[in-house]
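Here the structure comes first, spelled out in structure tokens, and everything after it is commentary.
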Amino acid sequence: MKILPLAIFGATSLWMQAAHAVEVTGGSMGLSYSAFTDDTSVSRVGIDGSVELGFNRNISAQVDLGYSDFNTSGLNTTTLGLHGIYHANDATSFGAFYANENADGGGDADIYGIEAGHEAGQFEFEGYLARVDGAASDGDMLGVMARYEFATALGVTGSYDYVDVAGSDFSKLAVKLDRDVAPNVNLYVELGTAKASSGGLSGTEPFVGLGGKFVFGAERGATFEQRGFTRIFPGL
């Protein structure tokens with residue numbers, strides 16, 4: 001179960017030793033808020049940051065750090081992630097990632113998987129498959145997103161995330177509207193629905209979200225979005 005994260009760390013170490021020069025190619029810092037529309041006290045506040053290090057034109061590593069604060073449950077989680085990235089060309093990138101998510105109270109999970117991203121004109125696509133190795137149970141995750149940017153710097157993103165852990169599943173379908181308000185600052189609003197199913201019971205709730213991101217270096221900052229288990233929940 002630990003082979004992939006060890007391989008990612010090992011490959012990253014070899015790349016660093018082989019590289020003649022390592023430079024920061026991009027990164028971001030973000031703040032987000034989301035809540036269910038029926039009860040806005042069931043909410044989440046998230047803070048995250050990412051930095052990408054380039055070893056050469058094709059190889060890079062991305063380091064993520066994230067924090068989530070859930071209002072109703074009082075749960076707080078921190079996530080530390082690492083991506084090993086291969087840039088096939090200027091438009092297409094492939095990655096393998098590992099993240100450790102730790103919740104106050106002793107909950108801990110290892111998340112590892114593969115990912116890919118592609119840009120085609122004004123379109124951006126990204127997707128991932130992951131395995132969750134939790135302290136109490138294991139499961140699977142997947143997600144896809146597509147974004148279109150208009151000439152006015154206004155972007156529309158559609159995304160879907162799904163988690164299946166210990167016989168319970170959760171999915172989130174969302175549409176996000178974002179805009180560059182400054183050369184390095186992007187703000188967004190989000191609408192979506194979240195669906196949960198466990199023990200023969202299921203329910204669907206709409207949610208809203210808003211947030212912003214400061215990007216530096218490359219146009220998109222770091223190559224990939226952060227990966228995490230609880231960070232996809234609009235609220236708990």
Side-chain angles (χ1 to χ4, degrees), residues 26-34 44 46-50 52 60 62 64 66 68 79 81 83 85-99 101 111-132 139-150 152-164 169-180 185-196 204 206-215 218-235:
S28 65
M29 297 178 62
L31 176 66
S32 61
Y33 168 83
S34 59
R44 170 187 175 270
I47 303 172
D48 57 66
S50 299
E52 186 166 340
S60 66
Q62 177 181 323
D64 303 326
S68 295
T79 305
H83 309 245
I85 303 171
Y86 172 69
H87 302 285
N89 49 51
D90 291 339
T92 304
S93 299
F94 301 96
F97 64 89
Y98 166 75
E101 192 164 48
I111 304 163
Y112 46 94
I114 56 175
E115 57 198 345
H118 179 70
E119 294 183 4
Q122 293 168 281
F123 285 95
E124 296 178 26
F125 305 93
E126 188 171 320
Y128 69 91
L129 292 171
R131 181 68 178 171
V132 181
D140 299 293
M141 294 176 59
L142 64 85
V144 292
M145 80 85 172
R147 180 179 183 269
Y148 179 80
E149 183 171 331
F150 297 93
T152 57
L154 185 71
V156 178
T157 301
S159 64
Y160 176 78
D161 293 276
Y162 175 81
V163 180
D164 184 352
D169 60 77
F170 174 86
S171 62
K172 182 179 76 173
L173 181 65
V175 175
K176 181 188 297 183
L177 186 66
D178 71 86
R179 183 180 177 83
D180 293 332
V185 180
N186 181 275
L187 302 179
Y188 74 84
V189 294
E190 185 178 36
L191 297 173
T193 59
K195 180 179 180 180
T204 302
F207 71 90
V208 295
L210 54 89
K213 180 183 290 188
F214 171 77
V215 176
E219 181 180 356
R220 57 185 176 183
T223 297
F224 289 112
E225 294 291 326
Q226 290 199 15
R227 310 299 178 204
F229 176 61
T230 57
R231 75 184 313 272
I232 73 171
F233 289 83

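Put simply, the side chain of Ile232 reaches to within 4.5 Å of the side chain of Val163, judged on heavy atoms. Here the side chains of Val208 and Tyr33 are not in contact, with every heavy-atom distance at 4.5 Å or above. Side-chain contact between Leu154 and Leu177 is present, with heavy atoms from C-beta onward closer than 4.5 Å. The shortest side-chain heavy-atom distance between Met141 and Tyr128 falls under the 4.5 Å cut-off. The closest side-chain heavy-atom distance from Tyr160 to Ser171 is below 4.5 Å.
Taking OH of Tyr112 as the start and CG of Leu129 as the end, the distance is 13.5 Å to the nearest 0.5 Å. The CZ atom of Phe150 sits 11.5 Å away from atom CZ of Arg179, with the distance rounded to the nearest 0.5 Å. Remark: Thr223 OG1 to Glu115 CD distance equals 9.0 Å, nearest 0.5 Å. With rounding to the nearest 0.5 Å, the separation of CZ in Phe233 from CZ in Arg44 is 11.0 Å. For the atom pair Ile85 CD1 and Phe224 CZ, the distance stands at 5.5 Å (nearest 0.5 Å). We find the CZ-CG distance between Arg131 and Leu142 to be 12.5 Å, quoted to the nearest 0.5 Å.
Taking the six-membered ring where tryptophan is involved, the planes of Phe125 and Phe123 are essentially parallel, since the angle between them stays under 30° and well short of 60°. Below 30°, between 30° and 60°, or above 60°: for His83 and Phe97 the angle between ring planes is between 30° and 60°, a tilted geometry.
With hydrogens and angles ignored, the 3.5 Å screen pairs a side-chain donor or acceptor of Glu101 with a backbone N or O of Phe229.
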Checklist line | Worked check of salt bridge (charged side-chain N to carboxylate O under 4.0 Å, His left out) between Lys176 and Glu225 | finding: CA-CA 15 Å; Lys176 181 188 297 183; Glu225 294 291 326; over 6 Å; no
Note to self: Checking Ser68 against Arg231 for the side chain to side chain donor-acceptor pair (under 3.5 Å) test, could you report, in this order, the C-alpha distance in whole Å, the side-chain angles of both residues, the deciding distance, and whether it holds?
What the structure shows: CA-CA 7 Å; Ser68 295; Arg231 75 184 313 272; 5.9 Å; no
Next item on the list: Decide yes or no on side chain to side chain contact (heavy atoms under 4.5 Å, CB included) for Lys172 and Phe207, but give the supporting numbers first.
Entry: CA-CA 10 Å; Lys172 182 179 76 173; Phe207 71 90; 3.6 Å; yes
Next item on the list: Report the C-alpha distance between Thr79 and Gln226 in whole Å, list the side-chain angles of each, state the deciding distance to 0.1 Å, and finish with yes or no for side chain to side chain donor-acceptor pair (under 3.5 Å).
Entry: CA-CA 9 Å; Thr79 305; Gln226 290 199 15; 6.0 Å; no
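Of all non-hydrogen atoms in Asp178 and Val156, the two that sit nearest each other are OD2-N, 4.3 Å. The two residues Arg220 and Ser93 come nearest to each other via the heavy atoms NH2-OG, 3.7 Å. Of all the heavy atoms in Ser50 and Gln62, the pair that sits closest is OG-NE2, 3.9 Å. For Ser159 against Met145, the heavy-atom pair with the smallest separation is CB-CB, 3.9 Å. Taking every heavy atom of both residues into account, Ala130 and Ile111 meet most closely at CB-CG2, 4.0 Å. Minimum heavy-atom separation, Gly212 to Tyr188: N-CE2, 3.9 Å.
Heavy atoms of other residues, nucleotides or ligands lying less than 6.0 angstrom from CE of Met29 number 12 at most. By the neighbour-count criterion of 12 heavy atoms within 6.0 Å, atom CG of Asn89 is densely surrounded, having more than that number from other residues, nucleotides or ligands.
Taking the ring centroids of Tyr162 and Phe170, they lie at or beyond the 6.0 Å cut-off.
For the residue pair Glu190 and Ser34, no side-chain donor N or O sits within less than 3.5 Å of a side-chain acceptor on the partner.
Of the options Val185, Asn186, Leu187, Val215, a side chain to side chain contact (heavy atoms under 4.5 Å, CB included) to Asp180 is made by Asn186 and by none of the others.
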